[in-house]
Amino acid sequence: DRNDAAEAIIRRVEEEEQEDEEKYDMHTVTRHSCIINLVVGTLYAVKGNFEFGTDRVCKSLEPFDVNLNEETWFHAKRCFLAFASAISRCMYFENDVLMK
């Protein structure tokens with residue numbers, strides 16, 4: 001299954017980042033998992049799956065002190081604004097689980 005293969009790739013990237021963080025300074029390591037999760041979340045949000053998309057975008061920005069900067073926020077806000085726009089046009093109704 002493609003989803004399982006994609007999740008395995010993301011886990012491997014995260015594991016290698018953990019190894020790099022142990023060897024090098026945390027702020028100098030390129031956060032590929034951040035970029036991967038940001039792209040995946042944005043793609044799901046564009047397709048209307050806001051629950052998974054916003055969750056993945058939020059996950060991509062953690063830890064905030066490392067991953068949240070002007071470039072990542074530029075792309076993350078697009079997902080959140082698309083979500084807000086869909087709600088404001090009554091095109092999307094969120095279940096209660098996400099709003100809690």
**Q** Is there a continuous path of hydrophobic side-chain contacts, each under 4.5 Å between heavy atoms, that joins W73 to V66?
**A**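 No, separate clusters.
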**Q** Less than 4.0 Å between a side-chain N and a carboxylate O, is that true for R12 and E16?
**A**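 Salt bridge present between E16 and R12.
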**Q** Rounded to the nearest 0.5 Å, what separates atom CD1 in I36 from atom CD in E14?
**A**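 The distance works out to 8.0 Å.
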**Q** Under the criterion salt bridge (charged side-chain N to carboxylate O under 4.0 Å, His left out), I'd like the reasoning laid out for E71 against K77: C-alpha separation, chi angles, the key distance, then a yes or no.
**A** CA-CA 10 Å; E71 290 180 25; K77 73 179 177 184; over 6 Å; no
**Q** In Å, rounded to the nearest 0.5 Å, how long is the span from CG of N69 to SG of C34?
**A**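 Going from the CG atom of N69 to the SG atom of C34 covers 7.5 Å.
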**Q** May I ask whether V57 and I35 are part of the same hydrophobic cluster, defined by side-chain heavy atoms of I, L, V, M, F, W, Y residues being less than 4.5 angstrom apart, directly or through others?
**A**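 Each belongs to a different hydrophobic cluster.
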**Q** Taking all atoms of both residues into account, what is the closest heavy-atom pair of A45 and C79, and its distance?
**A**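 Taking every non-hydrogen atom into account, CB-SG, 3.4 Å.
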**Q** What's the spacing between L38 CG and L43 CG if we round to 0.5 Å?
**A**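 One finds 9.5 Å between CG of L38 and CG of L43.
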**Q** Side chains of Y44 and T54: does their closest heavy-atom pair fall under 4.5 Å?
**A**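 Y44 vs T54: side chains apart.
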**Q** Nearest heavy-atom pair of R56 and I10: which atoms, and what distance?
**A**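 So the two residues come closest at NH1-CD1, 4.3 Å.
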**Q** Would you say E17 and S33 are linked by a side-chain donor-acceptor pair, where the criterion is simply a distance under 3.5 Å?
**A**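 Side-chain D/A pair, S33 to E17: present.
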**Q** Please report the C-alpha distance between C58 and F80 in whole Å, then the side-chain angles of each, then the deciding distance to 0.1 Å, and finally whether the side chain to side chain contact (heavy atoms under 4.5 Å, CB included) criterion is met.
**A** CA-CA 10 Å; C58 290; F80 300 130; 3.9 Å; yes
**Q** N67 side chain to S60 main-chain N or O, any donor-acceptor pair under 3.5 Å?
**A**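 At least one qualifying donor-acceptor pair exists.
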**Q** Taking the side chain as every heavy atom from C-beta outward, state whether F83 and S88 have any pair of such atoms under 4.5 Å apart.
**A**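 They are not in side-chain contact.
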**Q** Between S85 (side chain only) and A82 (backbone N and O only), is there a donor and an acceptor less than 3.5 Å apart?
**A**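 Flag not set: sc S85 to bb A82 has no pair under 3.5 Å.
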